[in-house]
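Below, read A as the first sequence line, B as the second, and so on, with proteins coming before strands; counting in each chain starts at 1.
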Amino acid sequence: MPAVSGWSTPPVSFIVTGASATALPGLVVGYQPNAGETYDIHVRDCYGDVRPDLGSAMAFETIVTVDDAAIQLSFHQLTMAGADPVDIATLRELTAYPSTYDRSAVYLGEFDFAVRRNLTNSILFLSVWNEQIEESVRGPNVNNVNTLFVSVVPAAGVTQAQIEQEIRLIVGAADSSLKVRYIPAVFRAFNITVNAWISVVHDPVLVQAQVKQAILSKYGQGTVAAKRGMTQIQHRAVKTLLEQQIVALQDDGADFQVLVGTDTPGALPENWRYVDANSITVNVQTSTYNLGNWGR
Amino acid sequence: METFQAPALNPLDNSHAQGELEAELKALTIGLFEQVVRSAERDVNVSGSAHLGSFDLISRHVKRDGLAIFHRNDEEAMRYLYRAWKGRNPKRGLAFMRLYLQLLFPNTWQADQLWHRKGATYPSALETETDITGDPGVNYWLTSRIKVSITAPDLSTTDVQRVLRPLRSTLGAKFVLEVDVTSPNTIENTSDGQPLGLWNVVVVERLALFAGPLSGT
């Protein structure tokens, strides 16, 4: 049952049409609207990522009386889009927590997890930090005491104000003794350089594109990795990714090297870090060593 | 806390062997089990209560369960701490950190939540409750800062960073941790070759969280 609030005071929560309270005294539950009255109906639940166009016609799921059909419904405002079921990469992220975690947020990581778990499809980036981390980058300030700092970029269809309101509710439910302060996210690219030596069988240009695509699909904007703050890409993870996905790098004669830029000085907790097409450098050469072996 | 001793295959050992062949088979089974299976079997057997397992098992579990332990070659303390972390951790306040300090640096530590003088610029006038005469609430307000002082002969100045992170992992999000490490700096006296112990070298460091990669993705 969607919550309904009218312009009348107090807001009504239950509207019945087609029954007259005067004809059936004491038997009608709820409010009888008069012709021409206007209401805001807030829908809080939906299945999947539903984003109707503004002004599009809406209808009730069921119509009980003939008079119900006389109600004109149109879509007025999207405050927060619905969300599709999460994908496997996100599920992995959401199930990777210590066995001691009991949904009670005390440690810093637990606050991050509490927010992320509830809003996973509504965010492109989320970073949660505390007074200690804030102090280590911007120095002590008396206003930072008992404050939780949050930097968030909402996904398309969700407004910044709405997501901030949601986070305030989630943090408040977890620990109401903390203040929440929002810091705007700042984009900062991850620089990755891949040097690869491959067999002459493969086209270097094509391999270059494949490597770029593989890295972008794991560390680009909107990926699970890019949704976290205060992280560094692991060399090992990139190596495993390339070994699994790039055929040219799988044979015995191929070799490659991954360099991840660690520009940690000047890094801030609100840095929204992901790899974009300009921050990947891929150098592919055909291998000139191991010439004495078969197939090269 | 005692770890479980690996049991011998006594039931099989004590069972009757009919003839020489069966005795040899029994000996072979027991021998192979002890040689090949036993070491892995111990860890699998206690994986639900890892504090009873081998050091490898416990360190794997410690990492996975989000507890950082400063390595002090004290296996018993690590086992106890891990068990406390899993079982009876109140999370809030300093209780767990005090247990941690007591296990790793017995009786040579002090941990206090600091008060700050009202009106003074934060954080220039921090005091522990014991340093304040009278009711601290009159002229001071309670901050979220925690000061830990450790006196340890085997900690060098470079170990401070290594102590900070684990201690930080035992504190709630709202706290700010500062650690002092006082360690004796042995300076060789050139005149008679006798080492001269100094106990007043104090290292204070705040947690520099952006000194390196925080976590991998």
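Of all heavy-atom pairs between B:S144 and A:E131, the closest is CB-OE1, 4.0 Å. Across every non-hydrogen atom of A:V145 and B:W141, the tightest pair is CG2-CH2, 4.0 Å. The shortest heavy-atom contact between A:Y107 and B:N89 is OH-ND2, 3.1 Å. Of all heavy-atom pairs spanning B:A173 and A:N130, the tightest one is O-ND2, 2.8 Å.
Heavy-atom contacts from other residues, nucleotides or ligands closer than 6.0 Å to CD1 of A:I88 number 12 or fewer. No more than 12 heavy-atom neighbours from other residues, nucleotides or ligands sit within 6.0 angstrom of CZ on A:R92. Other residues, nucleotides and ligands contribute more than 12 heavy atoms inside 6.0 Å of the NZ atom of B:K86. Counted within 6.0 Å of CZ on A:R116, heavy atoms from surrounding residues, nucleotides or ligands total more than 12; the atom is thus considered enclosed.
The part of A:F111 that comes within reach of chain B is its side chain, from C-beta onward, which places non-hydrogen atoms under 4.5 angstrom from that chain. Contacts of A:N141 with chain B are made by backbone atoms alone, with heavy-atom separations under 4.5 Å and no side-chain atom involved. No part of B:T121 comes within reach of chain A, as not one of its non-hydrogen atoms sits under 4.5 angstrom from that chain. Only the side chain of A:E110 comes within contact range of chain B, judged by heavy atoms closer than 4.5 Å. Residue A:T147: no heavy atom, backbone or side chain, is found under 4.5 Å from chain B. Of the two parts of B:R64, only the backbone, made up of N, CA, C and O, holds a non-hydrogen atom closer than 4.5 Å to a non-hydrogen atom of chain A.
Exactly one residue among A:N146, A:V106, A:L148 makes a side chain to side chain contact (heavy atoms under 4.5 Å, CB included) with B:K174. That residue is A:N146.
B:E178 contributes atom CD, which lies 7.5 Å from atom CD of A:E135 (distance to the nearest 0.5 angstrom).
Comment: A:D102 engages B:K91 in a salt bridge, judged by a side-chain N to carboxylate O separation of less than 4.0 angstrom.
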